[in-house]
Amino acid sequence: MSPTEIEQVRARLAAEREQTLRRLGDLTDDYDAVVAASRDTNADDEHDPEGATIAFERSQVGALVRQARTHLREVAAAEARLAAGTYGVCESCGRPIAAGRLEARPVARTCIDCASRTR
C-alpha cells in the first residue's frame with residue numbers, strides 16, 4: 001500500500017470507530033431508558049402485559065450494545081493489521097482482500113471466497 005492509501009484506510013477506520021462510538025452512546029442511553037422504565041412496572045414479567053415488552057426491548061438493546069462493542073474491537077484489530085502491514089491480506093488464504101470488500105467492510109479479515117466457506 002502506498003502512504004496515501006494507508007492514510008485513506010486509517011481515516012476510514014477512524015470514521016468507523018467514531019460512528020460506532022456514537023451508536024454505542026445512543027444505545028447506552030436507550031438501554032438506560034428501558035431499565036428506568038422497567039422500574040416503574042410490575043416486577044412480574046410473566047403476568048404483566050408490558051413486562052414482556054420491556055424485557056424484550058432490554059434484550060434487543062443489550063444485543064445491539066454487544067454488537068457495537070465487538071465492532072470496536074474489530075476496528076482496533078484492523079488498525080493493528082494496518083500498522084503491522086498485513087491489512088488487506090486474507091487471514092485464511094493469504095491472498096489480497098478485494099478493494100471493494102474492504103471499502104464495504106473496512107474491518108474484513110478474510111477475502112470473499114474464504115468468508116463464504118465459513119458460513
Side-chain angles (χ1 to χ4, degrees):
M1 290 184 127
S2 73
T4 302
E5 290 171 322
I6 291 172
E7 198 50 46
Q8 289 172 342
V9 170
R10 189 172 288 125
R12 193 173 321 130
L13 290 171
E16 191 87 9
R17 183 182 344 90
E18 290 305 313
Q19 178 184 7
T20 304
L21 285 170
R22 279 192 305 277
R23 186 172 69 233
L24 185 57
D26 291 344
L27 288 169
T28 302
D29 291 345
D30 291 348
Y31 187 83
D32 292 345
V34 170
V35 169
S38 70
R39 285 189 205 117
D40 298 332
T41 64
N42 184 351
D44 184 5
D45 283 358
E46 185 178 336
H47 298 98
D48 180 8
E50 289 198 25
T53 302
I54 291 171
F56 176 77
E57 287 177 10
R58 186 173 50 231
S59 177
Q60 287 279 107
V61 174
L64 293 172
V65 165
R66 286 188 298 281
Q67 282 180 339
R69 288 182 178 148
T70 297
H71 191 67
L72 285 174
R73 287 190 296 275
E74 290 175 0
V75 170
E79 290 170 330
R81 290 192 304 277
L82 185 62
T86 59
Y87 181 83
V89 177
C90 179
E91 291 181 354
S92 294
C93 69
R95 291 182 298 184
I97 299 172
R101 175 162 170 77
L102 290 172
E103 177 122 2
R105 184 165 164 70
V107 298
R109 294 175 180 261
T110 57
C111 66
I112 297 253
D113 290 339
C114 291
S116 65
R117 278 187 237 132
T118 61
R119 290 186 184 165

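It should be emphasised that the depicted structure is a prediction, and the values quoted were computed from it without experimental measurement.
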Would you tabulate the side-chain donor-acceptor contacts of residues 102-109 under 3.5 Å, counting partners in other chains and residues two or more places apart, or write 'none'?
unit_1: R109; atom_1: NH1; unit_2: E91; atom_2: OE2; d: 3.2

Not counting sequence neighbours, which residues clear salt bridge (Lys or Arg N to Asp or Glu O under 4.0 Å) with R66? List them please. none

Only counting residues at least two apart or in another chain, list the ones meeting side chain to side chain donor-acceptor pair (under 3.5 Å) with T70. R73

Residues in side chain to side chain donor-acceptor pair (under 3.5 Å) with Q60, at least two apart? none

Set of residues satisfying side-chain contact (heavy atoms from CB on, under 4.5 Å) with respect to V65, sequence neighbours excluded: L24, L27, V61, R69

To the nearest 0.5 Å, tell me how far R101 CZ sits from C90 SG. 8.5 Å

Contacts of R23 meeting side chain to side chain donor-acceptor pair (under 3.5 Å) (sequence neighbours excluded), chain-then-number -> none

Atom pair CG (L82) and CD1 (I6), whose distance is rounded to the nearest 0.5 Å: 6.0 Å

Enumerate, atom names and distances included, each donor-acceptor pair closer than 3.5 Å involving a side-chain atom of residues 11-18, sequence neighbours excluded.
unit_1: E16; atom_1: OE2; unit_2: H71; atom_2: NE2; d: 2.8
unit_1: R17; atom_1: NH2; unit_2: E79; atom_2: OE2; d: 2.3

Any chain of hydrophobic side-chain contacts (each under 4.5 Å) joining M1 to V89? no

Closest non-hydrogen atom pair, T110 against A115: OG1-CB, 3.5 Å

